[in-house]
Amino acid sequence: MKTTQSPSLKLCALALALCAPMAWAKLPAPSPEAKAKSAEAAAKTAWSGKVDAYKLCQAQDRVAAKYRASATAAGKTVPAAPETPACSDPGPFVYTPLGEPKPLEVSGAHSPAPTAAAPPSTQQPAAVTNPTPKAQ
């Protein structure tokens, strides 16, 4: 059985094969402004998640309180509510950029120790170098 392909399908396949390497090309490194903008967007997204969790916590507390009130009014015995942490308000969005990291010389980092020329051991037994008092 012989299959024939249309010329447009062959042309499409050729165009895809020629354009595929461009999809794997390296993009240039982002500029400092772009990095700062993406860091701020990430911080705002994290804050939005905290606000959503806070609002959900408040809604759950209202629903539980309404359920307990309606069950008590209907004469049902309602078990004690389990202890849950209080809803914490994340507050308004405030973004403080981290700034540039300090170079090692300014940050107070110390140089690495020099390479040892001799082993750290001695010929003295440990009992002589670290005497311990006898237990009575």
Side-chain angles (χ1 to χ4, degrees):
M1 179 171 176
K2 189 174 182 181
T3 59
T4 59
Q5 294 180 349
S6 68
S8 62
L9 184 60
K10 288 181 182 179
L11 187 61
C12 247
L14 179 65
L16 182 64
L18 291 176
C19 293
M22 286 188 280
W24 291 306
K26 279 192 170 184
L27 295 175
S31 67
E33 294 84 21
K35 285 182 183 179
K37 196 170 206 169
S38 68
E40 183 176 1
K44 186 148 185 133
T45 302
W47 174 79
S48 310
K50 291 177 185 177
V51 168
D52 291 343
Y54 174 65
K55 289 180 180 179
L56 176 64
C57 180
Q58 286 182 326
Q60 288 173 335
D61 286 349
R62 284 193 305 267
V63 168
K66 189 176 269 189
Y67 167 75
R68 297 180 83 61
S70 65
T72 309
K76 296 180 182 178
T77 58
V78 180
E83 290 296 320
T84 57
C87 301
S88 60
D89 185 8
F93 176 70
V94 178
Y95 176 69
T96 54
L98 296 175
E100 292 293 319
K102 295 179 183 177
L104 290 177
E105 295 81 22
V106 178
S107 66
H110 298 287
S111 301
T115 306
S121 61
T122 63
Q123 297 296 331
Q124 295 178 341
V128 174
T129 56
N130 296 323
T132 56
K134 292 185 178 180
Q136 293 180 3

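Atom set for the values below is all heavy atoms of this structure, side chains included, hydrogens, waters and symmetry mates excluded.
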Quiz item: When rounded to the nearest 0.5 angstrom, what distance separates CD in Glu40 from CH2 in Trp47?
Solution: 12.0 Å
Quiz item: Can you name the nearest heavy-atom pair linking Gln58 to Cys87, along with the distance?
Solution: N-SG, 3.7 Å
Quiz item: Do you know which two heavy atoms are closest between Ser88 and Tyr54, and how far apart they sit?
Solution: O-CD1, 3.3 Å
Quiz item: Does Tyr95 have Lys44 sitting over its ring (NZ/CZ under 6.0 Å from centre, angle to axis within 45°)?
Solution: no
